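Notes for the one structure printed next.
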Amino acid sequence: MTEEKDFYKTISEPTEEVLYKEKNSKFFGYAFPIEKEEQVKDILDSIRKQHYNARHWCYAFQLGAEQVYYRANDDGEPSNTAGAPIYGQIQSFEVTNILIVVVRYFGGIKLGVGGLITAYRATAQMAMEVADIIEKTIDKKFKVRFEYKDMNNVMRVIKEKNLNVLNQKMDMSCEIELGIRKSEYKNALEAFVPYYEVKVLEETDENYE
């Protein structure tokens with residue numbers, strides 16, 4: 001039985017600009033780490049201001065490690081000649097939570113469908129080749145609710161299991177939200193079982209919030 005994958009690859013920071021030239025057309029490529037789709041619009045607006053004389057601002061992005069969501073946009077180029085080959089490089093490098101933008105300045109000579117696909121793919125590949133690709137763990141969250149008298153037991157488990165404290169409310173009745181990488185999640189929950197007065201809530205529980 002193979003172990004369930006609990007990590008994903010992304011990039012650590014925006015890449016430096018890369019340039020691909022073909023028959024007087026210029027293609028500028030960029031890659032950005034993103035956490036949510038709302039970031040895409042802001043990045044594209046910034047790129048459009050930077051390259052206001054360009055003809056096309058094509059892109060593809062992917063979000064999520066387990067449930068993947070992606071979009072590809074040709075921005076006026078013939079269908080599937082820009083966004084799809086850009087997205088193909090996201091798949092090829094097996095990365096997620098990433099946006100790749102390729103800006104085209106038309107040089108007066110048409111490249112044809114095959115030429116466009118090659119140019120957008122090559123530019124996206126160049127952007128990924130200069131990127132710093134890193135691994136991040138897929139983490140899960142849960143909460144523990146307990147009385148103040150159980151504080152020592154809870155803190156002992158947190159330390160022993162190396163749990164990440166995400167949020168906490170400390171009063172006579174306490175609540176701590178914890179995070180742990182997915183592969184160690186079940187083991188972390190079981191560590192609280194001996195302390196029957198400590199209530200463990202998973203994200204799927206109705207009263208998690």
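As the structure is a prediction and not an experimental result, all values here were calculated from the model.
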- Message: To the closest 0.5 Å, what do you measure between OG1 (Thr96) and CD1 (Ile11)?
- Response: 11.0 Å

- Taking atom types as modelled, find out whether Glu202 and Tyr185 have a side-chain donor-acceptor pair closer than 3.5 angstrom. yes

- Message: Just verifying a value: how many Å separate Glu147 CD and Ser173 OG, rounded to the nearest 0.5 Å?
- Response: 4.5 Å

- Quick one: sort the Phe192 and Phe142 rings into parallel, tilted or perpendicular, breaks at 30° and 60°. perpendicular

- Smallest heavy-atom separation, Met151 atom then Phe146 atom, equals CA-CE1, 3.9 Å

- Query: Are any side-chain N or O atoms of Asp74 and backbone N or O atoms of Ala82, one a donor and one an acceptor, separated by less than 3.5 Å?
  - Reply: yes

- Query: If you round to the nearest 0.5 Å, how far is NE2 of His51 from CH2 of Trp57?
  - Reply: 10.0 Å

- Message: Assess the residue pair Lys49 and Ser46 against the criterion (side-chain contact (heavy atoms from CB on, under 4.5 Å)); give the C-alpha distance rounded to whole Å, side-chain angles, the decisive distance to 0.1 Å, and a yes or no.
- Response: CA-CA 5 Å; Lys49 287 176 184 175; Ser46 176; 5.9 Å; no

- Query: Side chains of Tyr70 and Gln91: do they bring a donor and an acceptor to under 3.5 Å?
  - Reply: no

- Message: In this structure, would Leu116 and Phe106 fall into the same cluster of hydrophobic residues linked by side-chain contacts under 4.5 Å?
- Response: no

- Taking every non-hydrogen atom, the tightest pair across Thr123 and Ala119: OG1-O, 2.7 Å

- Item | Tyr195 side chain near Val157 side chain, heavy-atom distance below 4.5 Å | yes

- Message: So that I know where these two stand, are Phe28 and Tyr105 an aromatic pair - ring centroids less than 6.0 Å apart?
- Response: yes

- Message: Under 4.5 Å between side-chain heavy atoms, counting indirect links through other Ile/Leu/Val/Met/Phe/Trp/Tyr residues: same cluster for Tyr8 and Ile34 or not?
- Response: no

- Task: Please name the residue in the list Ile90, Ile134, Ile100 that meets the side-chain contact (heavy atoms from CB on, under 4.5 Å) test with Val95.
- Result: Ile90

- Message: Listing request: all salt bridge (Lys or Arg N to Asp or Glu O under 4.0 Å) pairs with a residue in residues 188-198, at least two apart in sequence or in separate chains.
- Response: Lys149-Glu197

- Task: Let me know which of Asp6, Asp139, Thr137 forms a side chain to side chain donor-acceptor pair (under 3.5 Å) with Arg181.
- Result: Asp6

- Message: On a heavy-atom basis, which atom in Ser25 and which in Gly107 lie closest, and how many Å separate them?
- Response: OG-N, 3.1 Å

- Glu129 vs Gln125 side-chain heavy atoms within contact, under 4.5 Å: yes

- Task: Flag the pair Lys41 and Asp45 as a salt bridge only when some basic side-chain nitrogen lies within less than 4.0 angstrom of an acidic carboxylate oxygen.
- Result: yes

- Message: With side-chain contact (heavy atoms from CB on, under 4.5 Å) as the criterion, how do Leu111 and Arg104 come out once you've worked through the C-alpha distance, each side chain's angles and the decisive distance to 0.1 Å?
- Response: CA-CA 12 Å; Leu111 304 184; Arg104 182 191 180 191; 3.8 Å; yes

- Any chance OH of Tyr69 has more than 12 other-residue heavy atoms, nucleotides or ligands included, within less than 6.0 Å? yes

- Message: Return the CG to NZ distance between Asn187 and Lys161, rounded to the nearest 0.5 Å.
- Response: 4.0 Å

- Query: More than 12 heavy atoms of other residues, nucleotides or ligands under 6.0 Å from OH of Tyr148: is that the case?
  - Reply: no

- Task: Would you sort out whether Leu99 and Tyr30 count as a side-chain contact (heavy atoms from CB on, under 4.5 Å), showing the intermediate values?
- Result: CA-CA 8 Å; Leu99 164 69; Tyr30 308 85; over 6 Å; no

- Give a yes or no on whether the backbone of Asn97 and the side-chain of Thr10 come within a donor-acceptor separation of less than 3.5 Å. yes

- Message: If hydrophobic clusters are built by linking Ile, Leu, Val, Met, Phe, Trp and Tyr wherever their side-chain heavy atoms come under 4.5 Å apart, do Ile117 and Tyr120 end up in the same one?
- Response: no

- Note on the structure: Heavy-atom nearest pair, Gly83 first then Ala60, reads O-CB, 3.7 Å

- Item | Nearest non-hydrogen partners of Val130 and Thr15, listed with the distance | CG2-CB, 4.0 Å

- CD of Glu177 to CD of Gln168: how many Å apart, nearest 0.5 Å? 11.0 Å

- Query: Any link between Met128 and Phe32 through a network of hydrophobic side chains (Ile, Leu, Val, Met, Phe, Trp, Tyr) touching at under 4.5 Å?
  - Reply: no

- Task: Check whether more than 12 heavy atoms from other residues, nucleotides or ligands sit under 6.0 Å from atom NZ of Lys9, and answer yes or no.
- Result: yes

- Message: I'd like to check Glu17 versus Gln50 (side-chain heavy atoms, cut-off strictly below 4.5 Å). Are they in contact?
- Response: yes

- Query: Given Ile176 and Ile158, is the side-chain contact (heavy atoms from CB on, under 4.5 Å) satisfied, shown in steps?
  - Reply: CA-CA 10 Å; Ile176 302 179; Ile158 289 173; 4.1 Å; yes

- Item | Distance, nearest 0.5 Å, that separates CG of Leu166 from CD1 of Ile180 | 10.5 Å

- Message: Tell me if a side-chain donor or acceptor on Asn73 pairs with a main-chain N or O of Tyr59 at a distance below 3.5 Å.
- Response: no

- Message: Taking Phe93 as the starting point, is it possible to reach Ile98 by hopping between hydrophobic residues whose side chains are less than 4.5 Å apart?
- Response: yes

- Can you see which heavy atom on Pro33 is nearest to which on Gln39, and at what distance? O-NE2, 4.3 Å

